[in-house]
Amino acid sequence: DSDAKRSRALRKAEEEQQQAAQRGVEVEHLRQEIARLLSLKEKLRQRLEAHKAFPEYLQKVVDKAEQFQEIPELIGRFQTLIATQAKLIQRELVNREAVEEEHARLQKYMEESSNQILRQNNQIAQLQAQLEQAQIRVHEGESIWNRIQNTAAEKTLEVGQIKLAALNLFQMLAKHRKLPADVAQEDTEAQLDAVKLCIADLINMLADFRKGDPPSVPQPELTASPQSELNKTYPTSRSYSS
């Protein structure tokens, strides 16, 4: 029994020692908490002492301002102004974002417009080059047309000169030989046919003369039309235009 009592006593003593140690730890924790709270109290006291002037200042403001009766009213007004300022700041941020978006769209539009203007300028340059080429072709065409007109005028003059020469030759031969009298002055082809007929007769006469047999001078019959008689004698295609 004594051993059991001794064992229980030892356990009890050990438990008491553990409890005492635990209480010592708790006491130390409490002391630290007390020290922390005292330090915090001192800080709050110092802060309160530092802010002691503000309530006095606010009271002076309330006393001088007619629209406020108590300090809480002044603080409420201040808080309202702070909230209003926060809303205005938020609205300004929204407006600024909207302005930035509009600026970005404007910048994009300006870039697209600049690119479109550049493309249109290129098209205008191409069209201007095509216009210049067309003007050059028109100028060349006008030059060709002028040359054609000049050539036509020259050919017309040559034809007139040929007609005049044919008429002169016909009239000269008509003085010495009996030629058709109803040949019009404008009918150059009939005049040339009559001249050819006379030349052919002269060639035949010359040939007969060279043979030693003086030929009789044939005279063209005037009973038929000169044109039909010439066609019978020289059935060749005409090479001159009237």
Side-chain angles (χ1 to χ4, degrees), residues 11-150:
R11 286 197 299 273
K12 185 177 180 180
E14 185 178 356
E15 290 177 355
E16 290 178 352
Q17 288 178 356
Q18 291 178 354
Q19 292 177 357
Q22 182 66 29
R23 285 194 292 271
V25 172
E26 292 177 354
V27 169
E28 183 63 26
H29 288 168
L30 291 174
R31 287 177 179 174
Q32 292 178 358
E33 183 66 18
I34 291 171
R36 187 183 70 80
L37 292 174
L38 290 175
S39 176
L40 180 59
K41 178 182 178 181
E42 181 62 22
K43 290 180 180 179
L44 291 175
R45 187 190 66 78
Q46 292 177 359
R47 186 176 180 183
L48 180 62
E49 185 68 23
H51 294 171
K52 185 178 180 180
F54 293 107
E56 296 177 356
Y57 174 76
L58 292 176
Q59 187 60 45
K60 292 179 180 179
V61 172
V62 170
D63 293 339
K64 292 183 178 180
E66 297 179 356
Q67 56 181 341
F68 302 111
Q69 301 297 327
E70 300 292 339
I71 293 178
E73 294 180 5
L74 178 61
I75 295 175
R77 178 61 176 170
F78 176 75
Q79 291 176 347
T80 301
L81 293 176
I82 292 296
T84 303
Q85 183 184 18
K87 292 180 180 179
L88 292 176
I89 292 174
Q90 183 65 28
R91 185 180 301 174
E92 182 181 1
L93 292 176
V94 173
N95 293 334
R96 184 175 300 174
E97 292 177 356
V99 170
E100 290 177 354
E101 291 178 356
E102 291 295 331
H103 180 71
R105 284 196 292 269
L106 177 61
Q107 187 68 24
K108 182 179 179 181
Y109 173 77
M110 292 178 64
E111 292 177 356
E112 292 177 351
S113 299
S114 178
N115 293 332
Q116 184 177 1
I117 291 172
L118 181 60
R119 290 193 297 270
Q120 291 179 350
N121 288 335
N122 292 334
Q123 292 178 356
I124 290 173
Q126 294 176 358
L127 293 175
Q128 183 66 30
Q130 294 177 2
L131 177 61
E132 292 176 356
Q133 293 295 327
Q135 290 176 346
I136 291 173
R137 290 194 295 271
V138 169
H139 181 69
E140 292 176 351
E142 290 178 350
S143 299
I144 294 173
W145 175 246
N146 291 332
R147 288 197 298 272
I148 291 174
Q149 288 182 331
N150 294 332

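For this chain, numbers begin at 1 and follow the sequence in order. All values derive from a computational prediction rather than experimental measurement.
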Should Glu42 and Gln46 be marked as a side chain to side chain donor-acceptor pair (under 3.5 Å) after you check the CA-CA gap, both sets of side-chain angles, and the distance that decides it?
CA-CA 6 Å; Glu42 181 62 22; Gln46 292 177 359; 3.2 Å; yes
Approximate separation, where rounding is to 0.5 Å, of [X] [atom1] and [Y] [atom2]:
X	Y	atom1	atom2	value
Leu44	Leu37	CG	CG	10.0 Å
Gln123	Leu118	CD	CG	10.5 Å
Asn122	Gln126	CG	CD	6.5 Å
Ile34	Lys41	CD1	NZ	12.0 Å
Ile89	Arg96	CD1	CZ	10.0 Å
Ile124	Arg119	CD1	CZ	13.0 Å

Donor-acceptor check, side chain of Ser114 to backbone of Met110, threshold 3.5 angstrom: yes or no?
no
Do the side chain of Ser113 and the main chain of Tyr109 share a donor and acceptor less than 3.5 angstrom apart?
yes
Taking side chain as C-beta onward, heavy atoms only, is [X] less than 4.5 Å from [Y]?
X	Y	answer
Leu127	Leu131	no
Glu26	Gln22	yes
Val27	Arg31	yes

Could you report the tightest heavy-atom contact between Glu16 and Arg23, atom names first, then the distance?
O-NH2, 4.5 Å
Assess whether salt bridge (Lys or Arg N to Asp or Glu O under 4.0 Å) is satisfied between Glu33 and Arg36, documenting all intermediate values.
CA-CA 5 Å; Glu33 183 66 18; Arg36 187 183 70 80; 2.5 Å; yes
Salt bridge Glu14-Arg11, side-chain N to carboxylate O under 4.0 Å
no
Tell me whether Glu70 at atom CD has more than 12 heavy atoms from other residues, nucleotides or ligands lying less than 6.0 Å away.
no
